[in-house]
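To keep things clear, I will list the structure first and then write my remarks on it.
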Amino acid sequence: MTVFVETNKKLHLCEDGIIFCPIHPQSESMSNYPITSIRNYYAIEYSHMMRYVKDGIGKGDVVYSDIGDNEKIVWGCCHNAYNVSYKLDWIESALKGMRKMRLHDKGTIYFPGLGYYLEDGIDQEDVLKLVHDYLGDGRYSVRFLSHY
């Protein structure tokens with residue numbers, strides 16, 4: 001399908017699909033991370049992901065939370081600490097993992113437009129290109145939320 005760019009939708013308000021949420025591997029500093037609204041809206045999925053973080057995750061690892069009737073969340077390890085810029089090669093590794101799992105054949109994916117904020121430390125267009133390259137061939141579309 002196609003990768004659509006949306007500018008007026010917030011990640012935590014997406015439903016009936018799969019939300020991608022960037023994370024880092026340090027469980028001790030997760031108190032206000034990842035995206036606060038995702039953590040608050042999806043507490044069960046957050047708890048599921050934290051078990052994997054505590055066991056140890058790293059560059060580009062993905063955790064897929066598909067718990068009953070709840071929202072499906074893909075947690076992707078996209079940098080090594082909460083106060084460090086995203087790493088494009090880590091994002092690419094996460095996208096490779098998502099492609100290998102063929103998540104884009106299971107539902108619409110809502111992907112945050114990493115690179116929108118200056119502190120993201122990467123270029124949003126580079127992220128969009130990677131999303132297109134790895135997830136553009138699925139049964140379902142990808143919604144790239146430029147102002148996540």
Side-chain angles (χ1 to χ4, degrees), residues 1-27 29-30 33-39 41-42 45-67 70-148:
M1 286 302 270
T2 306
V3 176
F4 295 100
V5 176
E6 293 189 28
T7 60
N8 59 351
K9 195 168 200 170
K10 293 296 181 186
L11 192 61
H12 71 281
L13 298 176
C14 297
E15 296 177 344
D16 299 325
I18 303 168
I19 296 173
F20 179 88
C21 188
I23 59 173
H24 63 76
Q26 298 180 3
S27 63
S29 60
M30 285 283 202
Y33 191 88
I35 299 169
T36 307
S37 55
I38 295 292
R39 188 185 73 231
Y41 275 73
Y42 305 110
E45 293 79 5
Y46 175 78
S47 176
H48 174 251
M49 173 270 298
M50 284 301 294
R51 286 187 302 194
Y52 285 88
V53 171
K54 288 179 182 175
D55 287 343
I57 62 169
K59 175 184 177 178
D61 287 342
V62 292
V63 175
Y64 183 46
S65 297
D66 181 3
I67 302 168
N70 297 343
E71 190 65 34
K72 295 164 181 56
I73 311 283
V74 175
W75 310 90
C77 191
C78 295
H79 53 153
N80 56 354
Y82 77 96
N83 59 350
V84 175
S85 298
Y86 292 109
K87 300 186 181 312
L88 204 56
D89 61 323
W90 289 39
I91 295 168
E92 184 173 15
S93 293
L95 288 165
K96 284 179 184 177
M98 291 173 66
R99 182 183 178 121
K100 185 176 181 181
M101 296 167 70
R102 297 302 297 177
L103 293 178
H104 51 312
D105 289 337
K106 296 181 181 184
T108 298
I109 295 178
Y110 297 97
F111 200 96
L114 303 176
Y116 174 73
Y117 299 103
L118 184 60
E119 60 268 19
D120 287 353
I122 56 176
D123 189 304
Q124 191 175 63
E125 289 182 18
D126 293 337
V127 177
L128 177 58
K129 182 180 182 330
L130 288 174
V131 168
H132 183 271
D133 289 349
Y134 287 98
L135 303 178
D137 67 340
R139 265 185 49 201
Y140 292 89
S141 62
V142 176
R143 304 290 177 165
F144 187 84
L145 309 179
S146 64
H147 298 77
Y148 65 99

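Everything quoted here is computed from the prediction, not taken from an experiment. If you read the sequence from its start, that first residue is 1, and numbering goes on from there.
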Seminar exercise, completed: For Asp133, the side chain to side chain donor-acceptor pair (under 3.5 Å) test, sequence neighbours excluded, returns Lys129
Problem set entry | With Lys54 via side chain to side chain donor-acceptor pair (under 3.5 Å) - residues at least two apart | none
Problem set entry | Full working for side-chain contact (heavy atoms from CB on, under 4.5 Å) between Trp75 and Glu45 | CA-CA 9 Å; Trp75 310 90; Glu45 293 79 5; 3.9 Å; yes
For this session: Using salt bridge (charged side-chain N to carboxylate O under 4.0 Å, His left out) as the criterion, list what pairs up with Lys96, not counting sequence neighbours.
Result: none
Would you tabulate the side-chain donor-acceptor contacts of residues 105-116 under 3.5 Å, counting partners in other chains and residues two or more places apart, or write 'none'?
unit_1 : atom_1 : unit_2 : atom_2 : d
Asp105 : OD1    : Arg139 : N      : 2.8
Asp105 : OD2    : Arg102 : NE     : 2.8
Asp105 : OD2    : Arg102 : NH2    : 3.1
Tyr110 : OH     : Glu15  : O      : 3.4

Problem set entry | Chi angles and distances behind the side-chain contact (heavy atoms from CB on, under 4.5 Å) call for Tyr86, Val127 | CA-CA 10 Å; Tyr86 292 109; Val127 177; over 6 Å; no
Exercise. Taking all atoms of both residues into account, what is the closest heavy-atom pair of Ile57 and Pro25, and its distance?
Worked result: O-CB, 3.3 Å
Problem set entry | Heavy-atom check, side chain of Leu13 versus side chain of Tyr41, under 4.5 Å | yes
Problem set entry | Validation row: Leu11, Ile19 side chains within 4.5 angstrom (heavy atoms) | yes
Seminar exercise, completed: Residues at least two apart in sequence or cross-chain that pass ring-ring contact (aromatic ring centres under 6.0 Å, His included) with Tyr52, listed by chain then number, are His48
Seminar exercise, completed: Residue pairs passing the salt bridge (charged side-chain N to carboxylate O under 4.0 Å, His left out) test with at least one member in residues 79-92, sequence neighbours excluded, are Lys59-Asp89
For this session: Step by step, work out the side-chain contact (heavy atoms from CB on, under 4.5 Å) result for Val53 and Met49.
Result: CA-CA 6 Å; Val53 171; Met49 173 270 298; 3.4 Å; yes
For this session: Quick one: pull up CE in Met98 and CG in Leu103 and give me the separation to the nearest 0.5 Å.
Result: 5.5 Å
Problem set entry | Candidate pair Asp137 and His104, rule side-chain hydrogen bond (donor to acceptor under 3.5 Å, both in side chains), full reasoning | CA-CA 8 Å; Asp137 67 340; His104 51 312; 2.8 Å; yes
